[in-house]
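Chain A is the first sequence line, chain B the second, and so forth, proteins listed ahead of strands; every chain is numbered from 1. The analysis underlying the following values was restricted to heavy atoms, covering all of them including side chains, and did not include hydrogens, waters or symmetry mates.
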Amino acid sequence: MAAAKVTASAVFRTNQEIKLLARSGRMAAARRLFEEMPRRNVVSYNVMISALARSGRLAEARRLFEEMPRRNLVSWNTMMAACSQHGRVEDARELFDAMPALDEFSWTIMVSCYAQAGELALAREVLDRMPGEKCVACYNTMISGYAKNGRFDDAVTLLREMPTPHLVSWNSVLVGLIRNEDISRSVQFFNKMPEKDLVSWNLMLEGYVRAGDLELANAFFARIPSPNVISWVKLLNGYCRAGRMGEARELFDRMPERNVVSWNVLLAGYVQLSHMEEAYKVFMEMPDKNAISWTTMVSGYVRAGKLQEAKDVLSKMPSDSVAAKTALMHGYLQSNLIDDARQVFDGIGVRDAVCWNTMISGYVKCGMLDEAMVLFQQMPNKDMVSWNTMIAGYAQDGQIRKAASIFRKMNRRNTVSWNSIISGFVQNGLFVEALQHFVLMRRDAKSADWSTYACCLSACANLAALHLGRQFHSLLVRNGFISDSFPGNALISAYAKCGRILEARQVFDEMVGQDIVSWNALIDGYASNGNGAEAIAVFREMEANGVRPDEITLVGVLSACSHAGIIDEGLHFFSSMIKLHSLKPVAEHYACMVDLLGRAGRLREAFELVQGMQTQPNAGVWGALLGACHVHKNHEIAWLAAEKLFELEPRKTSNYVLLSNISVEAGKWDDADKVRFLMKERCVYKPPGLAGST
DNA sequence: TATGCGTAGT
């Protein structure tokens, strides 16, 4: 009897010790202690499962859950919470449905899991199904879910509906307002709260810091009844983010109490500015460092392009940190050192999703899609980012069918998934598919963002679908995206490409932040609608507004000159491009110039310009020359251009047809025969029913 | 006696 009591208290003490070790990040020691226990009870297993999940080892946690000899309600709840923490919504739901009994924790975890995944309707369904009197935590979880997703009205309604709102309920709404950077509504709400605690005060302080007014934040800080280290950290963070490191350091030195977080914030401040000497001094000064401190240093050196230093710091780190190693890996990938990155990746024992995704996206970015796919298939717990990376990767590589097949295999999709596939279709010229997927996206109840609208407008533009473009325009207005410059620019292009240049101009004029892309879209719009003079006028207007032209601007301007037949001005813009704007002309500019000179019949000059090009002329340039030769019946230069074109595009029928026509029109029947022979030799066939040039 | 849910900091 006495021996049993001793054993029970030993188990109790060891359970506590495991928890403490795990909470301080010493997982290996915690695991060892658990393995070496002579006797374990349910709680030992529960503690270990929770610890494993919190340190990113979900698979191990699950294994232990399956293996444990006896489970209680807490074991089930712990496992559910573990799945929820890792975004495994389906797994959590499966456990929830399979549990022998449910308590208020089970219900709350399920609500929290759905809310975190953005599935608010499902979260609400669970809350509503909860029998008897619902607990405060469950209400708070739902309120927090609404608030963090910007649905304040729903959050406040539920707050009013619940029988006994708690201070935490109010704070849950406040955090949503603060994160949404709605400062005036935050202040209003804060003042209306029936009671406030330090959490409320600290949230409001964060609101002022986010609003970027540090003087106001400082004044508010002075009003906090008894600020704690978190209050100080929030203010310190404000100065660090603003790059005001002198004041930040002063504030830091005045802090009555410092912990590892405050040190980390100061360190991150110097790192952000790439002040690595200062950062290193702070790093050495720190009384204790956690994994975040080390990761901050490593990623700081990576940002500063000092990969050797990053590697050296990492090698001095006493414990293992996936995040720190991933930071170094990221650095190697940015410098295209794929093999070095892979070596780091292979050396990481327990990889988290960020680690896998970093390596996968590294492969994708340098076009190594096969390698990316192998890793993607090996990855045990793929998250949304993994899937989206592969979709975007294949789409950008022109493999849109593969992208679409991956997209179809996804169980759940978020806005980014939809945007990736829609933008993929647009990039690959499949505009109708892009718009069809927009319809499917709305059926999936996923909300479109500015990127969705920009892609869809671009699809409308390319289809010259004016009516649809107008519908997207009104959707943009209704959803409040109209002042953002990116979809605004897409809208300008859409109207311009549909021939509605006046509407394009109107959108441009009503836009808040016109950028270089907006100006380019307008100039190109006038040029491609045949209004060269107006395009040039807009270009002048842009210069007068102090906006510096880029390469794309000049393509628009030069093609405007070409369409309008303004030869001398075109030549002037072309030379000013290098001299005045220090822009390097590329093939597109030369193609415009060839077109310009060609239209004026100055074929010899055009040919000489091409021969003098710094870079290799592409098919666009030679094609423009061949086209001009056709118009002006220059048989000799036509052959020179065509021979180059045949090298670049040996199987493009229209080039052969054009050259054949030119030869025939010049009465050179032998040459026309020669072209026909070439076509036969290269198995190029004129499509039936296609007479003349294409 | 412990373990699992809801609000603030890197």
Side-chain angles (χ1 to χ4, degrees), chain A residues 8-9 11-20 22 41-51 53-54 71-82 84-85 92 95 99 102-113 115-116 127 134-145 147-148 162 166-176 178-179 193 196-207 209 224 227-238 240-241 258-269 271-272 286 289-296 299 323:
Chain A
S9 79
V11 173
F12 171 76
R13 274 200 311 274
T14 315
N15 288 348
Q16 296 291 90
E17 213 175 316
I18 292 173
K19 183 190 164 185
L20 282 175
N41 60 13
V42 192
V43 179
S44 324
Y45 280 95
N46 293 349
V47 170
M48 200 60 222
I49 290 170
S50 170
R54 279 173 212 269
R71 292 178 199 137
N72 62 10
L73 188 47
V74 177
S75 325
W76 287 89
N77 287 340
T78 309
M79 196 61 235
M80 251 182 82
S84 171
Q85 282 154 20
L95 289 163
M99 283 171 76
L102 300 166
D103 67 358
E104 57 181 47
F105 281 86
S106 332
W107 289 94
T108 309
I109 294 166
M110 200 60 242
V111 172
S112 163
C113 183
Q116 271 173 28
L127 175 76
K134 303 178 204 320
C135 65
V136 180
C138 205
Y139 275 109
N140 292 346
T141 310
M142 193 65 235
I143 290 171
S144 154
K148 280 184 179 156
M162 68 189 284
H166 189 265
L167 182 49
V168 174
S169 325
W170 288 83
N171 284 341
S172 301
V173 177
L174 185 59
V175 66
I178 299 292
R179 296 284 149 81
M193 283 171 71
K196 301 171 180 70
D197 63 0
L198 193 48
V199 175
S200 334
W201 284 93
N202 284 344
L203 277 169
M204 199 56 241
L205 174 64
E206 186 187 327
V209 168
I224 299 179
N228 63 1
V229 65
I230 296 180
S231 329
W232 283 89
V233 161
K234 286 195 188 234
L235 191 59
L236 179 67
N237 207 358
C240 289
R241 280 201 206 155
R258 295 175 204 98
N259 60 17
V260 67
V261 179
S262 17
W263 281 96
N264 284 345
V265 170
L266 186 72
L267 183 68
V271 159
Q272 284 238 313
M286 292 174 74
K289 306 170 178 68
N290 63 12
I292 294 177
S293 333
W294 288 91
T295 307
T296 306
S299 58

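- Counting non-hydrogen atoms under 4.0 angstrom, A:Val175 reaches the backbone sugars and phosphates but no base.
- Between A:Glu104 and A:Lys134, none of the side-chain N atoms (NZ, or NE/NH1/NH2) sits under 4.0 Å from a carboxylate O, so this pair counts as no salt bridge.
- In this structure, A:Leu203 reaches the sugar-phosphate backbone alone: every heavy-atom distance under 4.0 Å involves primed, P, OP1 or OP2 atoms, never a base.
- For A:Arg54, the salt bridge (Lys or Arg N to Asp or Glu O under 4.0 Å) criterion is met by no residue, not counting sequence neighbours.
- To the nearest 0.5 Å, atom SG of residue A:Cys135 and atom CZ of residue A:Phe105 are 8.0 Å apart.
- Nucleic acid contact class of A:Arg179 (heavy atoms, under 4.0 Å, all strands): sugar-phosphate only.
- In this structure, A:Val111 reaches neither bases nor backbone, as no heavy-atom distance under 4.0 Å exists between it and the strands shown.
- At a threshold of 4.0 angstrom between heavy atoms, the contacts of A:Arg54 are confined to the sugar-phosphate backbone, with no base atom among them.
- Within the 3.5 Å criterion, the main-chain N or O of A:Asn46 finds no donor-acceptor partner in the side chain of A:Ser50.
- More than 12 heavy atoms of other residues, nucleotides or ligands sit less than 6.0 Å from atom CZ of A:Arg71.
- Smallest separation of non-hydrogen atoms from A:Cys240 and A:Leu266: SG-CA, 4.2 Å.
- A 4.0 Å heavy-atom criterion places the boundary nucleotides of DNA chain B facing chain A at B:dT1 to B:dT10, written 5' to 3'.
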